[in-house]
Structure formats: C-alpha cells, structure tokens
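Quick one: structure below, then a few questions.
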Number of protein chains: 2
Amino acid sequence: MLKMTDKKERILEVALRLFALEGYANVPTSKIAKAADVSEGLIFRHFGSKEALLDAILELGIEQVEHFVAEVKQETNPRLRIQKVIQLPLLVTREHEEFWKLQQSIKYHNPELATKYRQSEVFQSLVKSVEDAFSNLKYQNPKAETQLLMMIITNLFTIVEQEDLIIKEAFVKFVQSKYEE
Amino acid sequence: MLKMTDKKERILEVALRLFALEGYANVPTSKIAKAADVSEGLIFRHFGSKEALLDAILELGIEQVEHFVAEVKQETNPRLRIQKVIQLPLLVTREHEEFWKLQQSIKYHNPELATKYRQSEVFQSLVKSVEDAFSNLKYQNPKAETQLLMMIITNLFTIVEQEDLIIKEAFVKFVQSKYEE
DNA sequence: TATATTTGCAAGTGATTACTCACTTTTTAA
DNA sequence: TTAAAAAGTGAGTAATCACTTGCAAATATA
C-alpha cells in the first residue's frame with residue numbers, strides 16, 4: 001500500500017466520525033474540512049467527490065475488519081467459533097463501531113455502497129464460516145440460523161442508548177447463552 | 001379528529017414514501033410538492049417546516065400501529081402471543097413497512113424523533129405485553145428475551161433485498177419455531 | 001348574500017451546497 | 001541542482017435548499 005499523507009488520513013478519520021455521528025447527507029464537505037483542519041479543495045483533490053470519499057471510508061473499514069474475521073475463522077471448534085462471532089461487537093475499537101454505524105445508516109439510501117460490504121470477500125467468508133459451524137453442530141436450518149445470528153450481531157455492533165436498555169456486555173452474554181449446548 | 005383535506009393527506013402519503021425510500025435528508029420539499037402535485041408553499045402552510053412534516057408522519061404511523069398492537073395484547077395465551085408478535089411484519093401494509101423503514105433510517109441522525117416512537121405508549125405497551133408473556137412462560141431473563149425479540153422483529157419489518165436472503169415468510173416461520181415448546 | 005377564514009399558488013429570498021480553478025508550496029527523482 | 005509531479009490553498013460558482021410573502025380562490029359561517 002502507498003504511504004498515505006497525514007492530511008489524507010485525517011480527512012478519512014474525521015469524515016468517518018462525522019458521517020457515523022450525523023449522517024452522510026447531513027455533513028457538508030466544508031465541515032469535514034474545518035474539522036480536519038485542511039482546505040475544502042483538498043478533499044476533492046484526493047477523493048474527487050463526496051461520494052468517492054464515502055466509498056474510500058467503507059473500503060478502509062472492510063480492510064480493518066479482516067483481522068477479526070481471520071481470528072474467528074481460525075477457531076475450528078464450531079461451538080467456540082459461534083461464541084467468538086457473538087463476542088466480536090465487544091472487541092471492536094471506536095472506529096470500528098463508527099464504521100458499523102455508518103454501514104447501517106446508509107443501508108437504505110445508498111444501497112450500492114452498503115452492499116459493497118455485504119458482498120465483500122471478508123464478510124462472505126465470515127458468513128460461510130458461521131454457516132459451516134451450524135452445519136457441523138447439526139442445526140436443522142444452518143442458512144436461516146446464520147442469517148438470524150448475523151442480523152443480531154449487526155445490531156449488537158450498533159446498539160445506541162435506549163431507555164431501559166440492557167447493557168451491551170450483559171446482552172452479549174445473553175445471546176451467547178442461546179448458543180450453548 | 002379533524003377532517004383532513006385531500007392535499008394535506010397527499011403530502012403526508014407522498015412524503016412518507018419518499019422519506020422511506022430515499023431518506024429524509026435526501027428529499028427536498030420541492031420534490032415532495034411535485035410528486036404530490038401541490039405547490040411547495042402548501043407544505044409549509046400546513047406543517048410549518050420540513051421537520052414538523054416528518055414529525056406528523058411519525059405521529060400518524062404510531063396511530064396506525066395501534067390496531068395491530070391491540071390484536072397482540074388481546075391474546076392471553078403467552079406462547080400464542082409471542083407467535084403473533086413475530087407474525088406482525090407479515091400482516092402489515094405497504095405504508096406500515098415504509099413507516100418502519102423511515103423509523104430505522106432516522107434512528108441515528110434524528111434521535112429525538114426516532115425515540116418518539118420507542119417511547120410512545122403503543123410501543124411501550126407492546127414491549128410490556130411481550131415481557132409478560134416471557135415471564136409467564138418462565139423464561140429465565142424475560143427482559144433480555146424481549147429486547148432480543150423486538151430487535152429481530154424490527155429487522156423483519158425492514159428487511160431489504162439481499163443476496164441469498166431467505167424470503168420473509170420462510171424466515172418468519174423459522175423465527176417462530178425458535179419460540180415453540 | 002356578505003364576510004371572514006382557510007386553502008392554495010407563484011415568485012421570490014438568503015443561505016448553503018458540492019465542486020472548480022488558478023495558483024503556491026512541498027516532495028520526489030534524475 | 002533542478003525540473004516535474006504531487007499536495008495544498010482559498011476564493012470563487014452555479015445549483016439547490018428550506019422557507020417567506022403577497023395575493024387569489026375556495027369554503028365556511030352569519
């Protein structure tokens with residue numbers, strides 16, 4: 001990979017944070033520029049357009065998930081593997097969390113970009129590895145089982161404060177208990 | 001309730017559809033006006049601001065859910081009640097589905113408005129009624145159990161086409177099977 | 001019928017938007 | 001060292017945005 005200049009990195013970081021927090025459509029490039037302390041023109045010099053910037057952010061996010069996915073896949077005991085997947089939302093950094101939030105928030109209105117992740121090799125291989133685990137454990141419907149679990153995990157990643165919400169750690173444990181022997 | 005003029009109704013309908021489909025921030029009031037075949041000014045005459053229009057849409061959505069919630073609550077057999085809740089996403093009209101999508105899509109960036117629904121009497125009473133059912137069935141952790149189920153159902157409402165997605169009906173049945181004896 | 005209120009429109013308004021351009025500074029490389 | 005390439009700036013620009021205003025038509029009320 002090419003060495004990335006400081007300012008380019010900063011634009012990516014700041015934009016991820018702002019997009020995740022306030023929504024892609026609600027964040028003007030001028031605000032990103034100010035927060036990253038660069039000129040607005042530089043954003044377009046580096047990325048060409050606001051949407052291309054979003055695309056670059058997602059690309060980067062996918063890369064960063066790779067390490068965690070590898071960790072999960074390397075676990076050969078199917079039951080332990082499932083426990084590990086469920087635990088992913090707890091292991092993740094702040095930036096990862098922002099990445100997932102962004103992911104979810106663009107799901108409906110930038111579907112091409114959102115599916116980019118779901119269709120990425122990383123994600124697909126994670127799905128497959130979960131499916132294999134369920135198959136090995138003789139679950140009756142491994143595909144549906146996988147879909148349900150992935151849905152739950154995606155939500156775990158992006159849990160936001162709610163009245164009366166059971167805290168993340170406790171809830172993760174609860175979900176794990178559903179997949180014990 | 002006051003009789004609502006044709007055009008006011010049309011604005012609400014069209015705005016709901018567009019907001020759900022393209023996202024609140026991505027839909028200009030001019031587009032709503034054109035699609036509803038009214039002048040743009042009329043939107044502001046009736047609702048005052050774009051955000052107030054969104055608010056009115058959510059208010060209306062909450063009202064329309066009431067009927068379904070009543071149906072669920074009236075079921076006294078706890079196991080059947082849970083089955084009924086899970087089936088909600090299948091019974092719902094196109095407009096309901098749009099309402100849920102809108103709900104989800106504003107979750108992150110208009111939290112005040114989004115929590116309006118979660119904190120509404122309708123939703124709270126639905127949650128409580130599910131919690132009671134789990135309690136009656138002697139589930140160990142009825143609160144967490146409820147939270148998990150509500151999470152799943154919310155997702156069922158808003159399922160969008162995905163590669164390899166198990167179709168909604170089949171998936172609903174699968175989820176139901178998880179809560180059988 | 002007369003009048004007051006509501007409903008409606010077309011043509012604005014200033015602010016904000018994504019993006020461009022002409023230019024300077026820094027870095028790379030021969 | 002020098003020239004070319006890349007990184008960076010700041011002042012634009014046209015388009016678009018939510019919203020306003022002044023006035024007309026429709027409707028309700030007396």
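In what follows, every chain begins at residue 1, and chains take the letters A, B, ... in the order their sequences are listed. None of these values were measured; they are calculated from a predicted model.
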- Message: For B/Glu66, give me all partners under side-chain hydrogen bond (donor to acceptor under 3.5 Å, both in side chains), at least two apart in sequence or on another chain.
- Response: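 Partners of B/Glu66 by the side-chain hydrogen bond (donor to acceptor under 3.5 Å, both in side chains) criterion come out as none, since no residue qualifies.
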- Message: Short of 4.0 Å, heavy atom to strand atom, which residues of residues 32-40 of chain A count as contacting DNA chain D?
- Response: A/Val38, A/Ser39
- Query: Just how far, in rounded Å, is P of D/dA18 from CG of B/Leu42?
  - Reply: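 The answer, rounded to whole Å, is 16 Å.
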- Out of C/dA18, D/dA18, D/dT9, whichever nucleotide has its closest atom nearest the side chain of A/Lys50: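 Closest of the options to the side chain of A/Lys50: C/dA18.
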- Task: Looking only at side-chain atoms of B/Ser30, point me to the closest of D/dC17, D/dT9, C/dG8.
- Result: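 So the nucleotide nearest the side chain must be D/dC17.
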If you restrict it to nitrogen or oxygen atoms, what contacts under 3.5 Å exist between nucleotides 23-27 of chain C and the protein, and what is each distance?
none

- Query: Which pairs count as side-chain hydrogen bond (donor to acceptor under 3.5 Å, both in side chains) when at least one residue sits in residues 15-43 of chain A, sequence neighbours excluded?
  - Reply: A/Glu22-A/Lys31, A/Thr29-A/Glu40
- Is any side-chain heavy atom of B/Glu131 closer than 4.5 Å to a side-chain heavy atom of B/Met150? no
- Can you tell me how far C1' of D/dA18 sits from CG of B/Leu54, to the nearest Å? 14 Å
- Atom-to-atom span, NZ of B/Lys7 to C1' of C/dG8 - whole angstrom: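 Rounding to the nearest Å, NZ of B/Lys7 and C1' of C/dG8 are 6 Å apart.
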- Task: Evaluate the side-chain proximity of B/Leu148 to A/Phe171: yes if any heavy-atom separation is below 4.5 Å, no if none is.
- Result: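 Contact flag for A/Phe171/B/Leu148 side chains = yes.
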- residues 70-94 of chain B vs ring-ring contact (aromatic ring centres under 6.0 Å, His included), sequence neighbours excluded, gives none
- Return the set of residues passing ring pair (Phe, Tyr, Trp, His ring centres under 6.0 Å) with B/Phe134 (not counting sequence neighbours), or none when no residue passes. B/Tyr139, B/Tyr179
- Taking CZ from A/Phe44 and C1' from D/dG12, how many angstroms apart are they, rounded to a whole number?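 After rounding, the gap between these two atoms is 14 Å.
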- Task: Evaluate the side-chain proximity of B/Phe19 to B/Lys50: yes if any heavy-atom separation is below 4.5 Å, no if none is.
- Result: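 Yes - at least one pair of side-chain heavy atoms lies under 4.5 Å apart.
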- Phosphate OP1/OP2 of C/dG8: any B/His46 side-chain N/O under 4.0 Å: yes
- Atom NZ of B/Lys31 and atom C1' of D/dA18: how far apart are they, to the nearest Å?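 Taking atom C1' of D/dA18 as the reference, NZ of B/Lys31 is at 16 Å.
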- Message: Nearest whole Å is fine: how far is D/dA26 P from B/Asp6 CG?
- Response: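 These atoms are roughly 15 Å apart.
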- Kindly indicate whether a cation-pi arrangement holds for A/Lys8 with A/Phe47, taking the cut-offs as under 6.0 Å to the six-membered ring centre and within 45° of the axis.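 Positive - A/Lys8 is close enough to the ring of A/Phe47 and near enough to its axis.
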- Task: Would you mind reading off the distance between B/Leu53 atom CG and D/dC19 atom P, rounded to a whole angstrom?
- Result: 10 Å
- Distance below 4.0 Å between A/Lys8 side-chain N/O and D/dA6 OP1 or OP2: no
- Task: Could you check how far CG of B/Asn26 sits from C1' of C/dA18, rounded to whole Å?
- Result: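 So the CG-C1' distance, B/Asn26 to C/dA18, works out to 14 Å.
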- Query: Less than 4.5 Å apart, any side-chain heavy atom of A/Pro89 and any of A/Ile153?
  - Reply: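 Contact flag for A/Pro89/A/Ile153 side chains = yes.
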